[in-house]
Trainee: 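I have a structure here, written as structure tokens, and I will follow up with some questions on it.
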Amino acid sequence: MLENKRTASARVGMFPLGDMVSPILPPINATTLIAPSLERLAPIADNSLLRTADHVMEGLYYGGVDTPTTLSLAKEIARLEGGNCAVLSPSGQAAINLVLSALVQSGDHILVSDCITYTTKWLLDRHFAPLGVTVDYFTLHDSHDLERLLRCNTRLVFWESPGSFLFEVVDPRPIVKLCRSRNIITMIDNTWSASHFFNPFQHGIDVSVLSLTKTHAAIAGVSLGAAVTVSEDLYNSFKTRSALLGDYVSSSACSDAAKSMSTLSLRLDAQQHSASAILSRLAQSSVVHEVFHPASSKSPYHMLFQTLYSGFNSLISVEFSLPPEILRDRINKLSTINVGYGWGGAVSLVNLFAPAQVRTIAADKLKGPCARFYIGLEDPSDILADFDLLLRED
Ligand SMILES: *Cc1c(COP(=O)(O)O)cnc(C)c1O
């Protein structure tokens, strides 16, 4: 992990107060912002929406569009993600909807990785497809030969890496190369990397969408998302669309998210350490059929992962060779790892999943029961004690 990420994470709340600075981002909840005169009141026009002032207190317009709090967090997210500008949204799901609504119309075709998270598939299959957008899924196998899946109306290629649940690593290089030559927009769901482990813009990807609800803001328990880009044109189209759709975010939520983000780098360090210990433990177990984590040396994606990523998060999926009832029974008896959804916070979680539910095309050969673990901030020895129970060989 780069040193400057730690510093950026610690300083994420820095906010000007006169000639002093608050290290905690204050929640400025104001929809009305009063101007000193009619002449100073920003006109109702795109230019006001697309304010370019560097200072978060300048050029304010309407509090739904932005407050100094939301502007400040958007800038920090853009910087941490390695982009130039970010539009915040009420959730990760809303960020994906925002970008697609801004870029894709009826009659367009989009290509999406089969390893994208199931909630994104819901949005595509149940919302965009009925509106007349053709959605095709591609597998990792296809990703090196995407050309034959492109159509003359392909507008965008969208993938998640590592993929949800099975953590397949998508190589962005052949995709970006092909899409650039065809003027097709590329977009990644980069939530897994928590704005630390992979810089999409170094690889020429156009848009990075994030669920900030996960690792960034989960300590605060708030829901937020972001669309990040280096392109001013794309930013303008997202920002305008956000205003059209009323996709506003709460300043209180942004302030809470910034408090959570101030410990983001440290949390990721600690979780990486715990996840490594658990991966070693899993590698020795005879009741484990397969471990899904790109840092596992047995992962088919391990080499590619090491080339592209600078670290890893603590989501680990496991295919067990235990009978499903025994696995369920053991999970219900764990003491530190909790049963639940919504990863990214302080506590460790586990839930069961069926591969056929998370992959449209490539559910393939997994037979044993599968569980996804999220390793939180508890002492690694307590988490390992739970794994001792899960992995018992009697
Ligand atoms: C959770 C998640 C989303 C959706 O984010 P919300 O903030 O819950 O709407 C999108 N992508 C990934 C990879 C996620 O884990």
Side-chain angles (χ1 to χ4, degrees), residues 70 73-74 77 81 86-101 110 112-128 135 137 140 156 158-170 172 187-198 200 205 207-228 238 242 245 247-250 253-254 256-257 260-261 264 267-268 271 292-294 309 312-317 340-345 348-351 353 357-360 372-376:
T70 64
L73 187 69
I77 295 285
E81 185 67 6
V87 177
L88 299 180
S89 60
S91 65
Q93 187 80 348
I96 296 166
N97 181 45
L98 173 67
V99 172
L100 293 175
S101 301
I110 63 174
V112 182
S113 69
D114 191 30
C115 65
I116 206 125
T117 193
Y118 63 98
T119 44
T120 301
K121 286 182 175 170
W122 291 349
L123 179 67
L124 296 169
D125 299 342
R126 302 189 197 174
H127 177 72
F128 281 98
V135 182
Y137 292 100
L140 286 181
L156 178 135
F158 178 23
W159 67 95
E160 181 177 333
S161 179
S164 278
F165 293 93
L166 302 177
F167 309 111
E168 305 94 328
V169 178
V170 180
M187 158 152 139
I188 184 171
D189 182 332
N190 202 32
T191 301
W192 187 96
S193 287
S195 300
H196 278 67
F197 307 133
F198 178 78
I205 298 167
V207 186
S208 177
V209 285
L210 300 169
S211 168
L212 303 175
T213 316
K214 305 295 163 52
T215 332
H216 293 79
I219 296 296
V222 296
S223 182
L224 278 176
V228 187
F238 302 159
S242 161
L245 296 176
D247 226 13
Y248 303 148
V249 296
S250 134
C254 291
D256 289 343
S260 175
M261 283 174 64
L264 178 58
R267 286 186 278 123
L268 293 170
Q271 289 172 272
F292 301 92
H293 191 292
Y309 287 76
F312 52 87
N313 84 14
S314 62
L315 285 166
I316 303 171
S317 289
Y341 299 120
W343 58 275
S348 295
L349 300 172
V350 61
N351 49 66
F353 69 94
Q357 278 173 346
V358 297
R359 296 291 173 272
T360 306
R372 188 185 68 176
F373 296 89
Y374 165 72
I375 305 307

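Since the structure is predicted, the reported quantities are computational estimates derived from the model, not experimental observations. Counting starts at 1 for both ligands and their atoms, in listed order.
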Trainee: Could you tell me if H216 and S195 have a donor-acceptor pair between their side chains, going purely by distance under 3.5 Å?
Mentor: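 Looking only at side-chain atoms, H216 and S195 do form a donor-acceptor pair, the distance falling under 3.5 Å.
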
Trainee: Check whether any side-chain heavy atom of F165 sits under 4.5 Å from a side-chain heavy atom of L315, and report yes or no.
Mentor: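 A side-chain contact is absent here, since even the closest heavy-atom pair is not under 4.5 Å.
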
Trainee: Do V207 and F238 make a side-chain contact, defined as non-hydrogen atoms from C-beta onward lying under 4.5 Å apart?
Mentor: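 V207 vs F238: side chains touch.
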
Trainee: Are there any N/O pairs under 3.5 Å between ligand 1 and the protein, and if so, what are their distances?
Mentor:
| from | atom 1 | to | atom 2 | distance (Å) |
| --- | --- | --- | --- | --- |
| ligand 1 | 5 (O) | S211 | OG | 3.0 |
| ligand 1 | 7 (O) | G92 | N | 2.7 |
| ligand 1 | 7 (O) | S211 | OG | 2.8 |
| ligand 1 | 7 (O) | T213 | OG1 | 2.6 |
| ligand 1 | 9 (O) | G92 | N | 3.2 |
| ligand 1 | 9 (O) | Q93 | N | 2.8 |
| ligand 1 | 11 (N) | D189 | OD2 | 2.6 |
| ligand 1 | 15 (O) | K214 | NZ | 2.7 |

Trainee: What residues form a ring pair (Phe, Tyr, Trp, His ring centres under 6.0 Å) with F373, not counting sequence neighbours?
Mentor: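 Scan of F373 (ring pair (Phe, Tyr, Trp, His ring centres under 6.0 Å), adjacent residues dropped) gives F387.
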
Trainee: For D256, what residues pass the salt bridge (charged side-chain N to carboxylate O under 4.0 Å, His left out) criterion, not counting sequence neighbours?
Mentor: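 Expected list: K259.
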
Trainee: For S193, what residues pass the side-chain contact (heavy atoms from CB on, under 4.5 Å) criterion, not counting sequence neighbours?
Mentor: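 Only N190, F197, F198, Y309 meet the side-chain contact (heavy atoms from CB on, under 4.5 Å) criterion with S193.
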
